[in-house]
Amino acid sequence: MSKLQLVKSGTPQPRPNGAEPEFLKGLNPAQYKAATTIAGPVLIVAGAGSGKTRVLTYRIAYLLSQGVSPHNILALTFTNKAAAEMKERIAKIAGEGAGHRVWAGTFHSVFARVLRSEAEHLGYTKSFTIYDADDALSLIRNIMASMGISQQQFTPQSIRSGISWAKNQMMSPHEYALSANTLPEKQTGAIYHEYEKRLRANNAMDFDDLLLNMIRVLKNQPEVLKKYQELFKYILVDEYQDTNRAQYVAIQLLASGHKNLCVVGDDAQSIYRWRGADIRNILDFQRDYPNAEVVRLEQNYRSTKNILAAADAVIKNNQGQIKKTLWTENAEGDKITVLGCPSDREEAEAIVTVLKRQMREKDFDPKDFAIIYRTNAQSQQIEDSLRRANVPYTIVSGVSFYKRKEVKDTLAYLRLAVNPTDSESLLRIVNEPARALGKTSIQAIQLYAQENNIPLFEAFKNATKISTIQKRAQISSVQFSQLIEKFTLLKDEIPPAEFAVQYIEATGLLRMYKEQETEDALDRWNNIQRLLSHIAEYSARTENPTLEEYLEQIALISDLDITDTTKDHVSLMTLHAAKGLEFPVVFIAGLEQGLFPLGKAENDNEEKEEERRLFYVGITRAREKLFLTYAERRYRFGELSYSRPSEFLEEIDSTVLEYEGAFGMPAAAPQRRTGFQSPGFATGNNTFKNANNEVFKNFQSGGFKSNSAPASRPAFKSSQPRQPFYNDIQKQEYHSQIPVNTGALKVGVRVKHQMFGEGRVEAINGEGTQKRALVAFQSVGRKHLMLQYAKLEVIG
DNA sequence: CTCAAGTCTCCGAAC
DNA sequence: GAGACTTGAG
C-alpha cells in the first residue's frame with residue numbers, strides 16, 4: 001500500500017522532508033513536541049485536562065503522515081472505550097481505513113487477539129474461553145469444594161485475589177507455595193495449583209493469563225517475539241501509571257527491538273494499586289530508558305482556576321507524588337459547593353434538585369452532568385431520585401446486564417458450543433433448565449471423568465457406562481450431550497446470530513422462563529432476548545462475525561453498553577470509571593469518612609494516598625462547576641450507619657468553597673423540610689471550617705453516643721412523611737442501645753485474640769448480646785466470634 | 001430430585 | 001436490601 005493512500009483527501013498530504021501537517025498547528029509547544037518526537041523512548045507526563053488524548057491522537061496521525069503503516073502502530077489504552085474513541089478521532093484526521101487498522105485496545109483485548117493466533121504454542125486451541133472474575137470465582141468454589149476446604153473459613157474471593165496478585169507478580173503456583181507462610185497463604189497456594197490445572201484442562205484463560213501467556217509466548221518462542229517486535233514498530237501506552245508488573249514486562253519485550261516506545265501518564269492519577277498497578281513503572285521510566293525524552297504537559301485546558309486550586313490543595317497532602325505545576329488560562333469560575341445532607345436519600349434528592357436548578361438557570365442539558373461516587377451501591381438512591389424527577393440518566397459500566405444469571409447462563413451455553421472442554425460453563429447450565437441432573441448425579445459423572453481422565457463433556461456422552469447414577473440420569477445426560485454436540489457442529493454452518501437464536505431456543509431456557517409466568521421470569525426472558533439481539537447487532541456491524549469473537553468481546557468489554565455521548569443523559573459512574581472523562585458539571589457524592597476515603601484507608605497511609613488520588617481524579621473531571629455532597633447517615637449492608645464528613649473536605653482551601661445545607665434549598669425544592677437547623681449548615685455564608693467543626697462535635701466516628709443521635713431534630717417531623725424515613729428513626733433508636741464500649745470495634749480494624757492471634761474484622765452482625773464479629777485471622781482464617789465471650793483487643 | 005423458604009454475603013474499584 | 005447459596009420437606 002502506498003503511503004498516499006493512507007491519507008484521506010481533504011486532509012493535508014504529507015509533504016516530504018519536514019513539512020508539517022496542518023493538524024499540528026493547534027498544539028502548544030509541549031504538546032507539539034509530544035506528538036512529533038516519534039523515534040526512541042518518550043515519557044509524556046500529562047496532568048489532568050492537559051490535552052493528553054488529543055496529543056496521543058495527533059501523534060498517531062503524525063506517524064501515519066510520516067508514512068508509518070497503521071498496522072505497525074500499537075496503542076494500548078486502559079479501556080476499550082478509550083481505544084474506540086481514539087480510533088474514531090484518528091479516522092477523522094487520517095481517514096477511515098487508517099483509523100481502524102491501527103492496533104488499539106486494552107492490554108487484554110490486544111493480547112487476546114494475538115494469543116488466538118499463537119494459542120498452539122501454549123498448548124491451547126484457538127477457541128479458548130476467557131473467564132471473567134465471576135467465572136474464576138466459581139471455578140475456585142468448585143475447587144475448594146472438591147478439596148474439602150471450608151468456604152466459611154477462607155472466602156473464595158480472598159483466594160481469588162491472592163491468586164490474581166501472584167499472577168500479577170508473575171509467580172507460579174510453585175513459587176507462591178514456597179513463599180507462603182501463613183495458613184491462608186498455604187491454602188491459596190494449593191488452590192492456585194489446582195486452579196491452573198483446571199484452566200488448562202478447560203482450554204480457558206482468566207484475565208491475568210492474557211498478560212502472562214503473552215509474556216510466556218514472547219519469552220519462549222523467539223520467532224514469535226521477533227514477529228511482534230517487527231509488527232509493532234511504534235508502541236504507545238496510555239495511563240502508564242496504572243500498568244502492573246506483567247504489563248510492564250510485556251511492553252519491555254515488545255519494545256526492546258526498535259525502542260519506539262511512548263508512555264503517557266500522571267502519577268497523581270494512579271488509582272489501581274489494588275489490582276497490581278505499580279507506580280514505579282512510570283517513576284522509573286527514565287532509568288529503564290536513560291535516553292528517553294521527557295515531555296511535561298502542564299497547561300490545563302479543562303477546568304476553572306477554582307477547580308484546579310481545589311485539586312491542587314488536595315493532592316499536595318500526598319507525600320509520594322511527583323511535583324507538578326498545573327496551571328490554566330481559564331476563568332476563575334464559581335466556587336465549589338459543598339452540600340451537606342441528613343441522609344443518603346436526601347443527598348440524592350438534593351443532587352437532583354440542584355441539577356434541575358442548574359439546567360433551568362444555566363441552560364445546561366442532562367448530558368452536561370456527571371454524578372460520581374466511590375462504590376457502585378451508591379447509585380441506587382440517586383437513580384431512584386432521578387427516575388422520580390424524570391431526568392434521563394445512564395449508568396456507566398456498573399454491574400448490570402452481563403452479570404445477570406440468565407445472561408451468564410445463555411453465554412455459558414454459547415461458550416460450550418465453541419469450546420466443549422469448558423467444564424465450568426458446562427456445570428453452570430447442565431441443570432438449567434432442570435434436566436433431573438442434580439448434585440449427586442453430577443458428582444458421580446465428575447468422578448467418572450476424573451478416573452478415566454477424560455473431559456467432563458465426554459463423560460456426559462458416555463453416561464450409560466456410569467453405573468453409579470440412575471437410569472433416568474444416564475438418559476438425561478446423553479440427551480444433554482447430544483443437544484450440545486448437535487449445535488457444536490451447526491455452529492460453523494450458519495451465521496452466529498441465527499445460530500444463537502436456534503440454539504438457545506433448543507436448550508429450553510427461554511421456554512422455562514416463559515412458563516414460569518412471574519414478573520421476574522419475564523424480565524429474565526426479556527434479558528435473554530436482548531442478548532440475542534445484541535449478537536445480531538454485532539453480526540451486522542462486523543465484517544466476519546464469529547461467535548468466538550463475540551464472546552471474547554463480551555468477556556473483555558464489561559461496559560459494552562457504555563455511555564452513549566450522543567444521547568442527552570446524566571451520567572452516573574464510579575470514580576474509577578470517571579477517569580479520562582470530563583463534564584461541565586460534576587457531583588461527587590458520599591464524601592464521608594469511612595466511605596470516601598473508605599474505612600480501610602483510615603489507618604493505612606498508602607491506601608489513603610490512593611483514595612486521595614481518586615478524589616483528585618474526581619475533582620479534575622469538572623470543567624465549570626463542582627459539587628461535593630455527603631450524608632450524615634446512610635444505609636450500608638441494609639443497615640443504617642452514621643459518619644462524619646470526609647477529611648478530604650478539610651483539605652480544600654475554604655476560600656474556594658461555599659457551603660449549602662440541604663435545607664438551604666430554594667423554596668421550590670420538593671423535599672424541603674423547614675425547621676431543620678444543623679449547626680452551621682443553614683445557609684451558604686458560613687466558612688466551611690466553622691461548619692465542619694460543628695459537625696465533628698455531633699458525629700463521632702463510628703460511635704453511637706446517645707446524645708449525638710439526631711432523633712430530637714425537628715427535621716424528622718417531615719411535612720411530607722415518607723415511610724422509609726420513619727423506619728430510619730426506629731432503626732436508629734435501636735442502634736443507640738448498643739453498648740458504647742464496642743464503639744471502636746468496627747469493620748476494617750485489626751484485633752487481637754488470645755488464641756487466634758491477630759486478624760482483621762470483616763463484618764459485624766447482630767445486636768446486644770447476640771452481636772458477633774467475623775474476623776479474618778492470619779493463623780486460622782475466618783472465624784465468627786460472639787463479642788460477649790471473645791475478648792477482642794482492638795490494635796489499630 | 002425439586003422447589004420454597006431460610007441464611008449468608010455483599011458494598012472496594014474493573015480488564 | 002438484593003442476590004446467591006443452603007437446607008429440608010415433599
Side-chain angles (χ1 to χ4, degrees), chain A residues 76-83 105-112 130-134 136-138 141 145 151-152 155-157 161 164 168 206-211 239 242-244 246-247 271-277 344 372-381 396-399 402-405 408 431 433-442 469-470 472-473 476 516 520 552-560 573-579 590 594-601 607 610-611 614 617 634-641 724 727 731 747-748 762-763 765 774 782 784:
Chain A
L76 295 168
T77 56
F78 211 66
T79 65
N80 286 294
K81 190 173 65 183
T106 62
F107 279 88
H108 293 85
S109 62
V110 169
F111 288 3
I130 297 169
Y131 283 178
D132 68 16
D134 283 344
L137 202 60
S138 59
R141 281 203 190 96
Q151 301 189 19
Q152 299 292 316
T155 57
Q157 284 88 340
S161 65
S164 181
N168 282 325
D206 67 12
F207 284 152
D208 300 321
D209 286 336
L210 295 175
L211 307 177
E239 310 284 7
D242 281 327
T243 51
N244 64 28
Q247 289 167 326
I271 55 174
Y272 283 94
R273 199 173 69 106
W274 51 272
R275 72 175 206 208
D344 50 352
I372 310 178
Y373 35 78
R374 180 66 180 82
T375 66
N376 274 312
Q378 287 167 258
S379 75
Q380 287 229 324
Q381 290 281 1
V396 177
S397 128
V399 262
Y402 296 101
K403 289 211 169 147
R404 304 189 66 113
K405 182 185 183 302
K408 291 219 81 164
N431 205 30
R435 292 187 175 91
L437 293 168
K439 218 174 177 178
T440 342
S441 317
I442 288 168
I469 58 171
Q470 302 207 327
R472 185 169 143 212
S476 190
Q516 284 177 14
D520 181 67
E552 177 176 311
Q553 285 191 12
I554 294 302
L556 296 177
I557 309 178
S558 55
D559 42 16
L560 200 72
M573 69 194 88
T574 63
L575 283 141
H576 284 87
K579 190 167 77 159
L595 181 61
F596 191 24
L598 278 170
K600 198 183 164 185
E607 289 275 356
E610 177 136 321
E611 296 284 310
L614 202 47
V617 167
R634 133 179 353 262
Y635 276 101
R636 292 183 83 183
F637 299 104
E639 289 202 340
L640 197 62
S641 66
N727 288 343
K731 254 203 153 150
V747 173
E762 294 197 333
N765 300 305
L774 178 62
R782 305 164 87 222
H784 279 286

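None of these values were measured; they are calculated from a predicted model. Reckoned from all heavy atoms, side chains included, excluding hydrogens, waters and symmetry mates. Below, read A as the first sequence line, B as the second, and so on, with proteins coming before strands; counting in each chain starts at 1.
- Nucleotides of DNA chain C nearest to A:Lys439 and A:Gln380 differ in position, and the one nearer the 5' end is that of A:Gln380.
- Within 4.0 Å of A:Phe107, counting heavy atoms only, lies no atom of the nucleic acid at all.
- In this structure, the side chains of A:Asp242 and A:Ile271 come closer than 4.5 Å at one or more pairs of heavy atoms.
- Atoms CZ (A:Arg374) and P (B:dA14) sit 9 Å apart, rounded to a whole Å.
- Whole-Å rounding puts the A:His108 NE2 to B:dA14 C1' distance at 9 Å.
- Within 4.0 Å (heavy atoms only), A:Ser109 reaches no atom of the nucleic acid at all.
- In this structure, A:Asp134 does not pair ionically with A:Lys405, as no charged nitrogen and carboxylate oxygen lie closer than 4.0 Å.
- As rounded to whole Å, 12 Å separates atom C1' of B:dA13 from atom NZ of A:Lys600.
- A:Arg141 comes within contact range of the sugar-phosphate backbone alone, with a heavy-atom separation under 4.0 Å but no base atom that close.
- Straight-line distance from the CD1 atom of A:Ile372 to the C1' atom of B:dA14: 16 Å, rounded to whole Å.
- Among the protein residues, A:Gln470 comes within range of no part of the nucleic acid, since none of its heavy atoms lies under 4.0 Å from any strand.
- By the 5.5 Å and 30° criteria, A:Trp274 is stacked with the base of B:dA13.
- One can place CG of A:Leu137 at 11 Å from C1' of C:dA4, the figure rounded to the nearest angstrom.
- Counting non-hydrogen atoms under 4.0 angstrom, A:Gln378 reaches nothing in the nucleic acid.
- In this structure, A:Asp134 atom CG and C:dG3 atom P are separated by 14 Å, rounded to whole Å.
- Inspection of the A:Ser164 and A:Ser161 side chains reveals no N or O donor paired with an N or O acceptor under 3.5 Å.
- DNA chain B is contacted by both A:Arg435 and A:Arg636; A:Arg435 maps to the nucleotide lying nearer its 5′ end (nearest heavy atom per residue).
- At a threshold of 4.5 Å between non-hydrogen side-chain atoms, the residues A:Lys579 and A:Tyr272 count as touching.
- Of the candidate nucleotides B:dA14, B:dC1, B:dT2, B:dC1 has the atom lying nearest to any side-chain atom of A:Ser441.
- Taking only side-chain nitrogens and oxygens, A:Thr155 never comes nearer than 4.0 Å to OP1 or OP2 of B:dT9.
- To the nearest angstrom, P of B:dA13 lies 19 Å from CG of A:Asn244.
- The phosphate of B:dA14 (OP1 or OP2) has a side-chain N or O of A:Thr574 nearer than 4.0 angstrom.
- A 4.5 Å side-chain heavy-atom check between A:Thr79 and A:Glu239 finds every atom pair outside the cut-off.
- A:Lys405 contributes no side-chain N or O that forms a donor-acceptor pair with the base of C:dG3 under 3.5 Å.
- A close approach under 4.0 Å does occur between a side-chain nitrogen or oxygen of A:Thr440 and OP1 or OP2 of B:dC1.
- Counting any heavy atom pair closer than 4.0 Å across all strands shown, A:Asp132 reaches no nucleic acid atom.
- The residue A:Glu611 sits close to a base: some heavy atom pair falls under 4.0 Å.
- Put simply, A:Asn376 has a side-chain N or O that comes within less than 4.0 Å of OP1 or OP2 on B:dA14.
- Atom pair A:Asp242:CG and B:dA13:P shows a separation of 16 Å (rounding to whole Å applied).
- In this structure, A:Ala436 and A:Glu610 both approach DNA chain B, and ranking their closest nucleotides by distance from the 5' end singles out A:Ala436.
- With hydrogens and angles left out, the side-chain atoms of A:Asn80 and A:Ser109 include a donor and acceptor closer than 3.5 Å.
- Side-chain nitrogen and oxygen atoms of A:Asn80 include none within less than 4.0 Å of the OP1 or OP2 phosphate oxygen of B:dA14.
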